[in-house]
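Counting begins at 1 with the first residue of the sequence. Reckoned from all heavy atoms, side chains included, excluding hydrogens, waters and symmetry mates.
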Amino acid sequence: MTENTAHPAVDPEEHGRKVSDMFGRIAGWYDFLNHFLSLGQDIYWRYRLARAAKPAPDGFVLDLAAGTMDVSMELLRQYPGIRVAALDYSLPMLEQGKRKKLKNGRENRIFPVHADGRALPLPDASMDAATIAFGIRNIVPREEAWSEFYRVLKPGARLCVLEFGTGSRRVWKGLYNFYLDRMLPGVGRIVSGDEDAYRYLADTIRTFPDERSLAREMAEAGFGRVYHVPMMSGIVFLHVAEKPA
């Protein structure tokens, strides 16, 4: 595998606390900045993620790193009969989403839970699909998250991962790389007052494995039918894998 491996000196517990604290600080700005910094493309990305999940019409779906629950909402929009376990390590993010979005009956279908992606509070083979959007790079070590996804999914169920491609590859003749290094932290500082959070985002994108390496990790965790779909010239990838029946 490529990471931890890539970050052998990182203490998982300390890393988790720092990431949780960081997202807690920007929770109030998170949705706005997602839309603004992606020029609204995040809405389409989440649509593609949910469409690929294909749960049973009345099934249970795990949305890990649910944050303010935009993916959970899109899952419910596409599959009105499902129930969604919206898990995240940052409680303020879940509280923000719950306060703003869990209304008009959605509170009976989406269930926010404060949880660690390395130790999911879910029974074995209980989920009809699982999603994670822009969150797998925040879990250290990733192999523990892959293992937990595999454990809680039913045979034949899909794992769908939405994640940035590696920032080490030049995209749009280096314009995207300039955006990551210079513009992203600056915009984060101006809007949210927290440059460090968006500097962290840029750093994790830059050091993230490429799509083939991530697919290999998923296959090594036991998943089959692994494939990936590039979007925006490979700035973002949709990864899909299936727990063998």
Side-chain angles (χ1 to χ4, degrees), residues 1-4 12 16 45-67 69-90 93-94 97 109-163 208-209 211-229 236-245:
M1 296 216 180
T2 53
E3 210 179 345
N4 251 11
W45 299 337
R46 285 193 297 273
Y47 164 78
R48 291 287 301 272
L49 176 70
R51 190 175 70 171
K54 300 185 183 303
D58 59 349
F60 289 87
V61 180
L62 164 63
D63 179 23
L64 185 59
M69 291 179 277
D70 273 349
V71 171
S72 300
M73 294 276 288
E74 180 61 23
L75 284 162
L76 188 61
R77 189 189 71 81
Q78 292 193 33
Y79 312 103
I82 64 169
R83 281 166 284 183
V84 182
L87 275 55
D88 200 286
Y89 200 56
S90 173
M93 292 279 280
L94 291 174
R109 290 285 172 179
I110 299 174
F111 305 98
V113 178
H114 183 217
D116 187 338
R118 301 168 303 156
L120 299 174
L122 297 168
D124 294 355
S126 59
M127 296 289 111
D128 293 277
T131 62
I132 182 168
F134 306 113
I136 194 65
R137 62 195 155 76
N138 296 322
I139 302 176
V140 176
R142 272 195 307 276
E143 49 264 53
E144 293 185 13
W146 299 136
S147 176
E148 281 293 270
F149 276 127
Y150 192 90
R151 179 182 67 80
V152 304
L153 282 171
K154 295 178 181 178
R158 282 185 165 190
L159 167 61
C160 301
V161 179
L162 192 62
E163 193 52 86
F208 198 68
E211 63 278 8
R212 292 180 180 83
S213 298
L214 204 69
R216 187 162 54 248
E217 288 185 12
M218 298 168 83
E220 289 174 355
F223 288 98
R225 299 187 179 182
V226 180
Y227 68 91
H228 50 265
V229 179
V236 171
F237 280 86
L238 170 63
H239 299 263
V240 181
E242 191 174 290
K243 182 174 178 177

Value rounded to 0.5 Å, distance of [atom1] in [X] from [atom2] in [Y]:
{"X": "Leu76", "Y": "Ile110", "atom1": "CG", "atom2": "CD1", "answer": "5.0 Å"}
{"X": "Asp63", "Y": "Glu74", "atom1": "CG", "atom2": "CD", "answer": "11.0 Å"}
{"X": "Ser147", "Y": "Glu220", "atom1": "OG", "atom2": "CD", "answer": "13.0 Å"}
{"X": "Tyr79", "Y": "Arg51", "atom1": "OH", "atom2": "CZ", "answer": "8.5 Å"}
{"X": "Asp116", "Y": "Glu144", "atom1": "CG", "atom2": "CD", "answer": "8.5 Å"}
{"X": "Asp124", "Y": "Leu153", "atom1": "CG", "atom2": "CG", "answer": "11.0 Å"}

[X] side-chain N/O to [Y] backbone N/O, donor-acceptor pair under 3.5 Å:
{"X": "Arg142", "Y": "Glu217", "result": "no"}
{"X": "Gln78", "Y": "Tyr47", "result": "yes"}
{"X": "Asp88", "Y": "Leu94", "result": "no"}
{"X": "Tyr89", "Y": "Ile139", "result": "no"}

Are [X] and [Y] side-chain neighbours, meaning at least one heavy-atom pair lies under 4.5 Å?
{"X": "Ile82", "Y": "Asp128", "answer": "no"}
{"X": "Met69", "Y": "Val84", "answer": "no"}
{"X": "Pro141", "Y": "Arg118", "answer": "yes"}
{"X": "Val240", "Y": "Arg158", "answer": "yes"}
{"X": "Leu162", "Y": "Thr131", "answer": "no"}
{"X": "Phe111", "Y": "Ser72", "answer": "no"}
{"X": "Trp146", "Y": "Leu214", "answer": "yes"}

How are the rings of Phe237 and His228 set to each other: parallel, tilted or perpendicular (split at 30° and 60°)?
perpendicular
Of all heavy-atom pairs between [X] and [Y], which one has the smallest distance, and what is that distance?
{"X": "Arg83", "Y": "Asp58", "value": "NH2-O, 4.2 Å"}
{"X": "Ala125", "Y": "Lys154", "value": "O-CG, 3.3 Å"}
{"X": "Val229", "Y": "Arg48", "value": "CG1-NH2, 3.5 Å"}
{"X": "Ala145", "Y": "Ile136", "value": "CB-CD1, 3.9 Å"}
{"X": "Leu159", "Y": "Met218", "value": "CD2-CE, 3.9 Å"}
{"X": "Pro12", "Y": "Val140", "value": "CB-O, 3.2 Å"}

For a side-chain contact (heavy atoms from CB on, under 4.5 Å) check, start with the C-alpha distance between Phe134 and Glu163, then their side-chain angles and the critical distance, and finish with the verdict.
CA-CA 5 Å; Phe134 306 113; Glu163 193 52 86; 3.7 Å; yes
